[in-house]
2 protein chains.
Amino acid sequence: MTGDPTDAPSESPDLTCYRCGRTASFPDRKRCECGEPLWFDTDGAAVGFEWPDSERSGQRGEVGPGVWRYADLLPVGHPGGVAAAAGATPLVRVPDLDEGCRLHLKDESENPTGSFKDRGSAVGAAWASAAGREWVGTVSHGNMAISVAANAAGTGPDGPDALVLVPDDISGERLAAIAQYDPAVLRMAGDYGRLYYDALDADAPVEFVNSDTPLRVAGQKTAALELCEAFASEASASRQTGASTPAPDAIVLPVSSGGHASATWKALRELRAAGLLAEADLPRLYLVQAAACDPIAAAYRRGADEVTATSDAEDTVAYSIANADPPSGTRALAAALETGGAVLSVPDGEILDAKADLAADAGFCVEPASATTLAGVRRLSERGELAPDDDVVAVLTGTGFRELDADGAKPDTVALDDLSERLRALTG
Amino acid sequence: MTGDPTDAPSESPDLTCYRCGRTASFPDRKRCECGEPLWFDTDGAAVGFEWPDSERSGQRGEVGPGVWRYADLLPVGHPGGVAAAAGATPLVRVPDLDEGCRLHLKDESENPTGSFKDRGSAVGAAWASAAGREWVGTVSHGNMAISVAANAAGTGPDGPDALVLVPDDISGERLAAIAQYDPAVLRMAGDYGRLYYDALDADAPVEFVNSDTPLRVAGQKTAALELCEAFASEASASRQTGASTPAPDAIVLPVSSGGHASATWKALRELRAAGLLAEADLPRLYLVQAAACDPIAAAYRRGADEVTATSDAEDTVAYSIANADPPSGTRALAAALETGGAVLSVPDGEILDAKADLAADAGFCVEPASATTLAGVRRLSERGELAPDDDVVAVLTGTGFRELDADGAKPDTVALDDLSERLRALTG
């Protein structure tokens, strides 16, 4: 609650490549020589990991909330400020949306800036602050840009400033959402996809926390740790009834760069290493793309084990996951394949239907990218990939409150004196 | 986590008037014969109350998250759906915003619909659902309208529908935010302030959960229970150092109708009844209004014990707390007076400065109404009402992401090939 002074980051934590096994030192590298993204090698630390409330833990005050509850598996300890508020999002059962399975929603919009990005930005800003860095950067014009700017602001005057690289044609609304935190902003002309790599390679003292960099993946994995802990806790409490499972049967995520999917996979691998998840209980990862731009799903369909850029991407309502050349696409594909899941794509019409249903039937206002999960669940159920007693968690990645369409129909006007009469007519 | 089927509401829970002591039965009445608002008389239940993690609690799975953690003090038990996601918001220390005290922020924007209103709406919708009601209503065109519509949607097809009474001139953006949840919406012509009372008195089967009704106050008090529990937990963990206090020294809230202030006061009274807060440790309640519309602060200034409507209200940036005739104004005033706090008002310029500082110096994007708290803390410090070692909690009531101003300056454009050079110039 009170935010201790930030712990010093660990000495040169090791990075490893999920694919070829090469290692490297952070922060010198973010990507492997083989071309794939690196992540922190925390499997060793995970071997001794137990859920923080277990008897091994010290006093309650020692376990931080949200993201920092899992500090033993992170490259930096508890920060103060807005980074301390990341994570600890609700997981709720929504029986009215069941479609051939038992559906749960993990509402990541209940993060400080309204999206799942706060978990990785919090770890990135906390690490940069503890390491004495003056700048933390990102390549984004959406949720991630807002989140990095906010979390850098939260490190205070002695912490790093934020640098946000946005596309030249960014809208005024998005710019305002980013600029309120007073970061440095540069509009970039040229290939925005290439900028992702150029920023990481730039010869400048800016710690870029792009969508699948090691710090971001480390922070992001805590969402999966949280949801697995919720299931484990429930199972532990109701062991005598045998009604619950120690983990969900499936986790369904939107996928764009592949960083979120990578982080979820990493969390499951760590829990397996810790002995907290048996191989047979590992959830299947289902990744969903918009059909208009689905390079990872296309690779899955053709049975490939590498993702290549798509050249025929079209516009989609789920613009925030429209990445034609995903930097962690191949790692995300591996996550789906190795957990027995799948990658699928859904058309815009089904995404919009799912978004409307999440609001009107369950009370959740999400951006279209998040609604791909429910659309995906529906497709998976139709295909018979989900069983009626499967516990399936759909991750709602971001709020829909930043993009409301004002062009609706106007309701009737009623005179105040006619209120009771009108209410009886309505309810009668 | 999974949301048990909703418990049945208790039989005719008793209501009491904080002022004259009269009692009444819920849901027959919402206001006392003396004219003041009624609330649930939970002091008796509170006598045996202990923090849910204490040894008296059963298994972990029996204690719900957020609002439902305090189900022993609520008129209805754990619901499923979006109502289960209300509460459990972060409390973070923000040393960079300290102004003559130790400042903490309780970020209520991290609720399902982005405001503190979800706590009361969740309890209202859950109660109406458990009681078999077909309609739950509210008089609002802002956060409360969105929240009631969402929480009613979350009760599913068997639960109550929402009815939202909005002013005739509501904007398209606000209407869209409400309409996404598919409630019945009526635009009301006439005195919107009077509508508050007319709705409660309407002869129609709609359970109105207006801003200070018993169900809303019951749900809303959980925010104060949460923040007091966080302090108590910290104090318990660090008892040997003596560094922490069992409660904050002061809580600072925006005040509009007075329902939120009433709920906070109610929580403190219950904790006192439970023996969890000694009289000497009760936080002082400071309530802040915008100077342009400040009937409660005006009553405080003139030493009155009743609030009367203001006839000279002007527009303010903090529009969501601009209530010229607050239905719980007198109760809110009593809360400030009896806890040794105060009611103050702050001009729009200071509200906007505070809003900008909350974003740029701490990473929190709030609506102007929420920023009145920081502006108020600054005034209180100047007056010498806060001490440097006072732990002060400012409650951030709602997100600023629904009202971003797109008219900012455009940053420079940089060619991709000039990236490294430009970054070195920026960071050098």
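Both backbone and side-chain heavy atoms feed into the values below; hydrogens, waters and symmetry mates do not.
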Largest heavy-atom contact set with chain B, pairs under 4.5 Å, which of [options]:
options: A:Asp96, A:Val414, A:Leu426; result: A:Val414
options: A:Leu165, A:Thr113, A:Asn151, A:Leu97; result: A:Thr113
options: A:Ile146, A:Asn111, A:Asp201, A:Val166; result: A:Asn111
options: A:Val206, A:Asp182, A:Asp107, A:Leu195; result: A:Leu195
options: A:Gly154, A:Pro90, A:Ala204, A:Pro112; result: A:Pro112
options: A:Asp161, A:Asp418, A:Asp168; result: A:Asp168

Q) Given B:Leu91 and B:Phe231, is the side-chain contact (heavy atoms from CB on, under 4.5 Å) satisfied, shown in steps? A) CA-CA 10 Å; B:Leu91 174 68; B:Phe231 271 86; 3.8 Å; yes

Residue, of [options], that accumulates the most heavy atom pairs under 4.5 Å with chain A:
options: B:Gly87, B:Gly190, B:Cys365; result: B:Cys365
options: B:Ala415, B:Ala202, B:Gly172, B:Gly363; result: B:Gly363
options: B:Ala199, B:Gly114, B:Ser109, B:Pro157; result: B:Pro157

Q. Is there a side-chain contact (heavy atoms from CB on, under 4.5 Å) between B:Val92 and B:His104 once you walk through the steps?
A. CA-CA 5 Å; B:Val92 299; B:His104 308 250; over 6 Å; no

Less than 4.5 Å to any heavy atom of chain A: does that hold for the side chain of [X], its backbone, both, or neither?
X: B:Val185; answer: both
X: B:Thr155; answer: backbone
X: B:Leu163; answer: side chain
X: B:Leu105; answer: neither

Q. Does the distance from a Lys or Arg side-chain N to an Asp or Glu carboxylate O, for B:Arg422 and B:Asp417, drop under 4.0 Å?
A.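 Here B:Arg422 does not pair with B:Asp417 in a salt bridge, since their nearest N and O are not under 4.0 Å apart.
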
Mind listing the side-chain donor-acceptor pairs of residues 173-181 of chain A below 3.5 Å, one per line with the distance, residues two or more places apart or on another chain?
unit_1   : atom_1 : unit_2   : atom_2 : d
A:Arg174 : NH1    : A:His141 : O      : 3.0
A:Arg174 : NH1    : A:His141 : ND1    : 2.9
A:Gln180 : NE2    : A:Ala177 : O      : 3.0

Q: Would you check if A:Ser121 and A:Val148 make a side-chain contact, meaning some heavy-atom pair closer than 4.5 Å?
A: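 Side chain of A:Ser121 against side chain of A:Val148, heavy atoms only: contact under 4.5 Å found.
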
Q.
Can you see whether B:Asp118 engages B:Ser147 through a side-chain donor-acceptor pair at a distance of less than 3.5 angstrom?
A.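 Judged by distance alone, the side chains do pair up.
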
Q) In Å, rounded to the nearest 0.5 Å, how long is the span from CZ of A:Arg93 to CZ of A:Arg102? A)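 Going from CZ on A:Arg93 over to CZ on A:Arg102, the span is 4.5 Å.
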
Can you give the donor-acceptor pairs under 3.5 Å from side chains of residues 355-362 of chain B to other protein atoms, not counting sequence neighbours?
unit_1   : atom_1 : unit_2   : atom_2 : d
B:Lys355 : NZ     : B:Val366 : O      : 2.8
B:Asp357 : OD2    : B:Arg378 : NH1    : 3.0
B:Asp357 : OD2    : B:Arg378 : NH2    : 2.9

Q. Between B:Lys106 and B:Thr89, is there a donor-acceptor pair closer than 3.5 Å when you use the side chain of the first and the backbone of the second?
A.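 A pair under 3.5 Å: yes.
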
